[in-house]
Amino acid sequence: MKPLSGSGARGMMVDAMKNYGPDSFVGHVASTVQGATDTTFYILAVYFGSVGIRNTKYAVTCGLIADFTGIVAAILLSYMFFH
């Protein structure tokens, strides 16, 4: 959810905290994922739009690959440290 909507991802994190607790494994993973990725499409729209970059084909692909890598790393590191 984080690459699409920062506020939606934050809402999902708060919901996970309410359901499972902040000290649960789910709470730790949700918090780590929240810090490990960024809102890719917002960055492309705002930052690239401000300097006039029109061709964002490779930037979208690289950004989504980086987000996927960040999510996988967050899950693995949470498993290593908190499980």
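Fair warning: this is a prediction, and the values are worked out from it, not measured in the lab. The basis for the numbers below is simple: all heavy atoms, side chains too, and nothing from hydrogens, waters or symmetry mates.
Annotation for Val72: hydrophobic cluster partners, listed by chain and number, are Phe68, Leu76 (ILVMFWY side-chain heavy atoms under 4.5 Å, direct or chained). Met17 belongs to a hydrophobic cluster whose remaining members, ordered by chain and number, are Met13; membership requires side-chain heavy atoms of ILVMFWY residues under 4.5 Å apart, directly or through intermediates.
If you run ring-ring contact (aromatic ring centres under 6.0 Å, His included) between His28 and each of Tyr20, Phe82, Tyr79, Phe81, only Phe82 comes through.
Counting all heavy atoms, side chain and backbone alike, Ala16 lies closest to Val26 at CB-CG1, 4.0 Å. Between Gly21 and Ser24, the shortest heavy-atom contact is O-OG, 2.8 Å.
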Contacts under 3.5 angstrom, residues 46-62 side chains, donor-acceptor by atom type, not counting sequence neighbours:
from, atom 1, to, atom 2, distance (Å)
Ser50, OG, Val46, O, 3.4
Ser50, OG, Tyr47, O, 2.8
Thr61, OG1, Lys57, O, 3.3

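Interatomic distance, CG of Asp15 versus CZ of Arg10, reported as 14.5 Å (0.5 Å rounding).
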